[in-house]
Student: 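I'd like to ask you about the structure that follows.
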Amino acid sequence: MDTPKQRDVAALEEQYQLATYKKMPVVAERGEGVWVYTSDGERYLDLYGGHAVAGTGHCHPHVVRAIKEQSDKLLFYSNLVYSETRARAAEKLVSIAPELLTKAFFCNSGTEANENAMRMARFATGRENIITFSGGFHGRTADAISATFLGKYREIGKPNVPGHLKAEFGDLASVGALADDSVAAIMLEPIQSMGGVRLAPPSFYRSLRELCDERGIILIYDEVQTGVGRTGDWFFAGSPAGDGVVPDIVSLAKSLGSGVPVGACLVTEKIARHIKENDLGTTFGGGMIAMAAVTATLEAIENDRMLENVQNVESYLRERLREVEQVVNVHGRGFLLGLEFAGQAKPVHEALLEKKIITGSSSDAKVLRLLPPLCLQQSEVDLFVEALAQAVN
Ligand SMILES: Cc1ncc(COP(=O)(O)O)c(C=O)c1O
């Protein structure tokens, strides 16, 4: 934030907006692909992908065009009417999902998707309790924050919604001990992102699926971060990293609309059977701008072969990171990666920002998070690795 204009913008926000986030000293004005520009033309390499939202990159032309065209036709009508834009978005989303997930419910954010996922599990089972995991993050509304056994979130969310039980991520015995006939659902981030990018072995997901089937429990994957191509597969659900396991409900948000707020739940027929008129709803869910953005986002990922790109560039990045001996481990999958250092990650994050590279922190002080747009190229990885090598020295 080097110029008076940028400092004025920051001062204005600080005066009129509640200070709920620790901001980086960056005034973002424009974006293109993996780059974010300030009003003074400085550019930042965005390896945090606009908070994991810019999956297709900033301002992907296909998405921007779709939003503009829809704006000229109809900004919004709710689910009280039919809409071709909504019908096409739902069809497209279901078409890329694992076969068992056949119906979509649209809402506006990740926390809302999770609230609705838990509610559907309660409808489907007639039970109330929900098992989630230490280190998982599910959002900030009442039920979702009560399901979040990470840091001080449950404390912030007090009084908590009753019926939330905590198991240990990756530890099947801890789940089995809680999974009695009071339990409606087991919900997890298949890769715990904020918790430090933690992935369990494929057998863990398979065992959870078997446990749920045995005990009549609904399995929910919170794919708010892992969904929509981030791991190099469309979803963690059904992917080899999770031994092909398909949950009963997948919740989505973040990059689903490339920046237009939208959340969704994908559900199986088994769940859909239990949902009746008026059981779920939200005015803005399924609005036309969001739906146009969803279809265009999924098309852009397909047209630009971004899933393959994620797989190739992830391998290249992992290879190049071997050159930086201070990186002691690389966690995660695809473009949801946690770089673990022997010491603190914060000084590295700050040194990279000085070099105009945006990265993310996590609740593990030793882990730096990368959630770049799915269009990141090898040349940009080179820039990052060179800057990182300098930042750690
Ligand atoms: C895994 C996960 N679930 C849920 C949420 C909540 O999403 P939102 O902020 O859109 O409510 C987040 C947000 O960071 C998330 O990472």
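Start at 1 and go down the list; that is how both ligands and their atoms are numbered. For the numbers below, each heavy atom of this structure counts, side chains included, while hydrogens, waters and symmetry mates do not. As the structure is a computational prediction, the values presented were derived from the model and not from experiment.
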Student: Side chains of Glu223 and Thr226: do they bring a donor and an acceptor to under 3.5 Å?
Tutor: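 Glu223 vs Thr226: donor-acceptor pair found between side chains.
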Student: Please find out if less than 6.0 Å separates the ring center of Phe284 from that of Phe76.
Tutor: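 Yes, close enough.
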Student: Check whether any side-chain heavy atom of Leu47 sits under 4.5 Å from a side-chain heavy atom of Phe335, and report yes or no.
Tutor: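 No. Closest side-chain heavy atoms not under 4.5 Å.
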Student: Have a look at ligand 1 and work out which part of Asn114, if any, has a heavy atom under 4.0 Å from it: side chain, backbone, both or neither.
Tutor: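 Side chain only; the backbone of Asn114 stays clear of ligand 1.
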Student: Please determine if Val224 has a nitrogen or oxygen closer than 3.5 Å to a nitrogen or oxygen of ligand 1.
Tutor: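 The answer is no, given that Val224 and ligand 1 share no N or O pair closer than 3.5 Å.
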Student: Among all the protein's non-hydrogen atoms, which is closest to atom 3 (N) of ligand 1, and how far away is it?
Tutor: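 For atom 3 (N) of ligand 1, the nearest protein heavy atom is Asp222 OD2, 2.8 Å.
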Student: For ligand 1, find out whether one of its N or O atoms is nearer than 3.5 Å to an N or O atom of Gln225.
Tutor: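 Yes, Gln225 has an N/O under 3.5 Å of an N/O on ligand 1.
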Student: Verify whether the ring centers belonging to Tyr37 and Tyr44 lie closer than 6.0 Å.
Tutor: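 So the answer is no for these two rings.
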Student: Aromatic rings Tyr48 and His51: how do their planes relate, parallel, tilted or perpendicular, breaks at 30° and 60°?
Tutor: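 Rings of Tyr48 and His51: tilted, 30 to 60°.
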Student: Tell me the protein heavy atom at minimum distance from atom 8 (P) of ligand 1, and give that distance in Å.
Tutor: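 Minimum-distance protein heavy atom for atom 8 (P) of ligand 1 reads Gly110 N, 3.5 Å.
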Student: So, does Met194 sit close enough to ligand 1 that a heavy atom of it is under 4.0 Å from the ligand?
Tutor: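 It does not, in that no heavy atom of Met194 comes within the 4.0 Å cut-off of ligand 1.
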Student: Going by distance only, is there an N or O of Lys254 that falls short of 3.5 Å from an N or O of ligand 1?
Tutor: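 Yes: some nitrogen or oxygen of Lys254 is under 3.5 Å from one in ligand 1.
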Student: In terms of residue, atom name and distance, what is the protein heavy atom nearest to atom 11 (O) of ligand 1?
Tutor: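 Going atom by atom, the protein heavy atom closest to atom 11 (O) of ligand 1 ends up being Thr111 N, 2.9 Å.
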Student: Considering distance alone, does some N or O of Glu112 sit under 3.5 Å from an N or O of ligand 1?
Tutor: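 There is no such contact.
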Student: Hey, is the main chain of Ala147 close enough, under 3.5 Å, to the side chain of Thr132 for a donor-acceptor pair?
Tutor: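 Between the backbone of Ala147 and the side chain of Thr132 there is a qualifying donor-acceptor contact (under 3.5 Å).
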Student: Listed by chain and number, what are the ring-ring contact (aromatic ring centres under 6.0 Å, His included) partners of Tyr153, not counting sequence neighbours?
Tutor: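 Counting only residues at least two positions away or on another chain, Tyr153 forms a ring-ring contact (aromatic ring centres under 6.0 Å, His included) with Phe137.
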Student: Which of the numbered atoms in ligand 1 are under 4.0 angstrom from any heavy atom belonging to Ser109?
Tutor: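 Within the 4.0 Å cut-off of Ser109, ligand 1 contributes 10 (O), 11 (O).
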Student: Side chain or backbone of Glu189 under 4.0 Å from ligand 1, or both, or neither, by non-hydrogen atoms?
Tutor: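 Looking at Glu189 and ligand 1, just side chain atoms fall under 4.0 Å.
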Student: Would you check if there is a donor-acceptor pair between the side chains of Ser174 and Glu168 at a distance under 3.5 Å?
Tutor: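 No, Ser174 and Glu168 have no side-chain donor paired with an acceptor closer than 3.5 Å.
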